[in-house]
Amino acid sequence: MSMTDLLNAEDIKKAVGACAAAESFDHKSFFQMVGLKKKNREEVKMVFQILDKDKSGFIEEEELKFILKGFSADARDLSDTETKRMMAAGDKDGDGKIGADEFSVMVAES
């Protein structure tokens, strides 16, 4: 399954373009722009599974840095500051990684 099976390709392009500049990524506005906020819990979990590149059941900080590439291969990497900010927002239990449920909550709160 690819991201465009779940989200509109044009929405992805617009959302990735909106955060092309360094330090411009905000997960809340990105999730809204890409259409993720409108998806049901099961669809959000499917997006999580695509983003979980090593299939560990978690998005670790190293994977999070490349999260935009999960939506569009030519997207930029997140800066360390952006990565840490998103990890702080999503890692509800403080274990240093974002699980599927934590990701769902993060999307719902956006």
Side-chain angles (χ1 to χ4, degrees):
M1 175 162 302
S2 74
M3 201 60 80
T4 54
D5 292 332
L6 297 164
L7 301 170
N8 179 285
E10 203 51 42
D11 289 344
I12 292 171
K13 184 177 179 181
K14 286 178 189 172
V16 169
C19 59
E23 304 301 331
S24 66
F25 178 76
D26 174 74
H27 70 276
K28 291 180 179 183
S29 59
F30 181 82
F31 289 158
Q32 290 174 9
M33 287 183 73
V34 82
L36 195 53
K37 176 85 172 146
K38 296 182 241 170
K39 298 298 178 181
N40 67 43
R41 189 171 175 84
E42 199 54 44
E43 291 168 317
V44 171
K45 285 197 176 192
M46 285 189 255
V47 168
F48 173 86
Q49 290 169 349
I50 293 169
L51 297 173
D52 178 19
K53 296 296 184 193
D54 65 4
K55 304 301 177 205
S56 66
F58 297 96
I59 298 174
E60 294 84 4
E61 192 168 325
E62 194 55 37
E63 287 174 306
L64 199 56
K65 185 175 191 85
F66 306 113
I67 194 167
L68 293 178
K69 289 186 182 331
F71 291 90
S72 176
D74 59 351
R76 70 176 179 88
D77 297 341
L78 296 185
S79 70
D80 289 344
T81 302
E82 290 168 318
T83 302
K84 288 183 186 320
R85 190 170 43 234
M86 188 171 180
M87 180 60 74
D91 181 18
K92 302 295 186 191
D93 62 8
D95 64 357
K97 51 194 175 188
I98 299 172
D101 291 336
E102 290 171 315
F103 185 77
S104 294
V105 169
M106 189 167 51
V107 169
E109 290 176 347
S110 65

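This chain uses plain numbering: 1 for the first residue, then up along the sequence.
The closest side-chain heavy-atom distance from Glu82 to Arg76 is below 4.5 Å. Contact annotation: the side chain of Phe30 approaches that of Leu68 to within less than 4.5 Å [non-hydrogen atoms, C-beta and beyond]. Put simply, the side chain of Glu102 does not reach to within 4.5 Å of the side chain of Ile59, judged on heavy atoms. Val47 places none of its side-chain heavy atoms less than 4.5 Å from the side chain of Val34. Using a 4.5 Å cut-off on side-chain heavy atoms (C-beta onward), Glu63 and Lys97 make no contact. Counting heavy atoms from C-beta outward, Arg85 and Asp26 have side chains that stay 4.5 Å or more apart. Glu43 has its side chain within reach of Met46: a pair of non-hydrogen atoms, C-beta onward, lies under 4.5 Å apart. No side-chain heavy atom of Ile98 sits less than 4.5 Å from a side-chain heavy atom of Lys92.
Distance check: Leu36 CG to Lys38 NZ gives 10.5 Å after rounding to the nearest 0.5 Å. Between Phe58 atom CZ and Asp91 atom CG the span is 10.0 Å, to the nearest 0.5 Å. Note that NZ of Lys53 and NZ of Lys55 are 7.0 Å apart. Values are rounded to the nearest 0.5 Å. Note that CE of Met3 and CG of Asp5 are 10.0 Å apart. Values are rounded to the nearest 0.5 Å.
Closest heavy-atom contact between Thr83 and Leu78: OG1-CB, 3.4 Å. A pairwise comparison of heavy atoms in Ser24 and Ala18 identifies OG-O, 4.1 Å as the closest pair. The two atoms that bring Lys45 and Ser104 nearest to each other are CG-OG, 3.9 Å, heavy atoms only.
Residues Leu64 and Val105 fall into different hydrophobic clusters, defined by Ile, Leu, Val, Met, Phe, Trp and Tyr side chains chained together at heavy-atom separations under 4.5 Å. Residues Met33 and Ile67 are members of separate hydrophobic clusters, defined by side-chain heavy-atom contacts under 4.5 angstrom among Ile, Leu, Val, Met, Phe, Trp and Tyr. Placement of Ile12 and Phe66 in two distinct hydrophobic clusters is found when ILVMFWY residues are connected by side-chain heavy-atom separations under 4.5 Å, directly or transitively.
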Requested in this report: Might you work through the side-chain contact (heavy atoms from CB on, under 4.5 Å) test for Asp54 and Glu60, ending with a clear yes or no?
Outcome: CA-CA 9 Å; Asp54 65 4; Glu60 294 84 4; 3.5 Å; yes
Query - Lys13/Ser72 under side-chain contact (heavy atoms from CB on, under 4.5 Å): CA gap, chis, key distance, verdict - result: CA-CA 7 Å; Lys13 184 177 179 181; Ser72 176; over 6 Å; no
Report task. Evaluate the criterion side chain to side chain donor-acceptor pair (under 3.5 Å) for residue pair Ser79 and Thr81; output intermediate values, then yes/no. Result -> CA-CA 5 Å; Ser79 70; Thr81 302; 4.5 Å; no
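At a threshold of 4.0 Å, the pair Lys28-Glu109 does not count as salt-bridged, since none of the basic side-chain nitrogens sits closer than that to a carboxylate oxygen.
Formation of a donor-acceptor pair under 3.5 Å by the Asp52 side chain with backbone atoms of Ser56 is found in this model. Formation of a donor-acceptor pair under 3.5 Å by the Glu61 side chain with backbone atoms of Met87 is not found in this model.
Of the candidates Phe48, Phe103, Phe25, Phe31 forms a ring-ring contact (aromatic ring centres under 6.0 Å, His included) with just one, namely Phe103.
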